[in-house]
Amino acid sequence: MVVAGVSQKRRGQHTENPFESATLSLKNLHAWKVADPGCLREATLEAIAASDEYPELRASMEDVLRESRGLADSSLERVRALLDELGLVRVVIFEARVATGTA
């Protein structure tokens, strides 16, 4: 149900991709409330087992994760290369060392 709820969002709390960072309201999840905290582990394991009924959804979410990590990696590589080309990497590192007293 978490995936279904997040899929209704246009963006995440801190990212464009809602699956990377989402805020869920507990008031919208009351149907899944576990009344006894002592039963939380059992309820969690039951929810995990129930998710096995949707292997296509699991595979799709694994694709989302892989694509998200790929985008993060390529973005970092591209921006770091540009910063290095512009000579800004050394400036940022030096300023950080000055700020921490390690320069």
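Heads up: numbering here begins at 1 and tracks the sequence.
- Under a 3.5 Å cut-off, the side chain of Ser75 and the backbone N or O of Ala72 do not form any donor-acceptor pair.
- Taking all atoms of both residues into account, the shortest heavy-atom contact from Arg10 to Pro18 is O-CD, 4.4 Å.
- For the atom pair CG (Asn17) and CG (Leu65), the distance works out to 10.0 Å, reported to the nearest 0.5 Å.
- Follow the hydrophobic side-chain contacts under 4.5 Å out from Leu29 and you reach Phe19 in the same cluster.
- A donor-acceptor contact shorter than 3.5 Å is absent between the side chain of Ser68 and the backbone of Val64.
- Linking Ile, Leu, Val, Met, Phe, Trp and Tyr residues whenever their side-chain heavy atoms come within less than 4.5 Å places Leu88 and Leu82 in a single cluster.
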* To do: Tell me, with the steps shown, if Val3 and Met61 meet side chain to side chain contact (heavy atoms under 4.5 Å, CB included).
  => CA-CA 9 Å; Val3 172; Met61 294 310 301; 3.8 Å; yes

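- With Glu20 as the partner, the side chain to side chain contact (heavy atoms under 4.5 Å, CB included) test is satisfied by one option alone out of Leu71, Thr15, Val6: Thr15.
- Rounded to the nearest 0.5 Å, atoms CD (Glu42) and CD (Glu46) are 4.5 Å apart.
- Across all their heavy atoms, Gln13 and Arg11 have their closest contact at O-NH1, 4.1 Å.
- Of all heavy-atom pairs spanning Ile48 and Arg58, the tightest one is O-NH2, 4.5 Å.
- The number of heavy atoms from other shown groups lying within 6.0 Å of CG (Leu45) is above 12.
- Taking every heavy atom of both residues into account, Lys9 and Ala22 meet most closely at CD-CB, 4.4 Å.
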